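What follows is a set of notes on a single structure, which appears directly below.
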Amino acid sequence: MKKQAVYLILGIIIILVSTPLASKLVDIFYRDIGAMDEYLTVLNGFIYSLVLVGFLIFTIGIVSFIKNK
């Protein structure tokens, strides 16, 4: 039960902090590139990828919870 709870909580936390985390990641990776015209597009890509990772981790927790039940 502990392992499933960790996956569920970690997935939810990643989903909740995806926007500020994506903003920091875009600032880190695209600091020297003068591509500010594409900033929102790149930011949305990072946000969606982090939400997808959080959803997949959450899904692993749900599946393992159902499997062990």
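Owing to the predicted nature of the structure, the values given are computational and were not obtained by experimental measurement.
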Are Ile28 and Ile14 joined in one hydrophobic group, where the rule is that I, L, V, M, F, W and Y side chains link up if heavy atoms are under 4.5 Å apart? no
Any side-chain heavy atom of Tyr39 sitting closer than 4.5 Å to one from Asp27? yes
Do the side chains of Leu56 and Tyr48 join up, straight or via other hydrophobic residues, at under 4.5 Å, putting them in one cluster? no
Phe29 versus Phe46: any side-chain heavy-atom pair under 4.5 Å? yes
Within the structure provided, determine whether Leu43 and Thr19 are in side-chain contact (heavy-atom separation under 4.5 Å). no
Same apolar cluster (I L V M F W Y, side chains within < 4.5 Å links), Leu52/Leu16: no
Kindly work out whether a path of hydrophobic side-chain contacts (I/L/V/M/F/W/Y, heavy atoms less than 4.5 Å apart) joins Leu10 to Leu50. no
Show the nearest heavy-atom pair for residues Ala22 and Ile47, with the distance to one decimal. CB-CG1, 3.5 Å
Of Ile66, Thr59, Ile60, which is the lone residue that meets side-chain contact (heavy atoms from CB on, under 4.5 Å) with Ile62? Ile66
Is Ser18 reaching over with its side chain to a backbone N or O of Ile15, donor-acceptor style, under 3.5 angstrom? yes
Check each of Ile12, Val6, Ile13 against Ile9 using the side-chain contact (heavy atoms from CB on, under 4.5 Å) test, and report the only one that passes. Ile13
Looking at every non-hydrogen atom in both residues, tell me the closest pair between Ser64 and Gln4 and how far apart they are. OG-CG, 3.1 Å
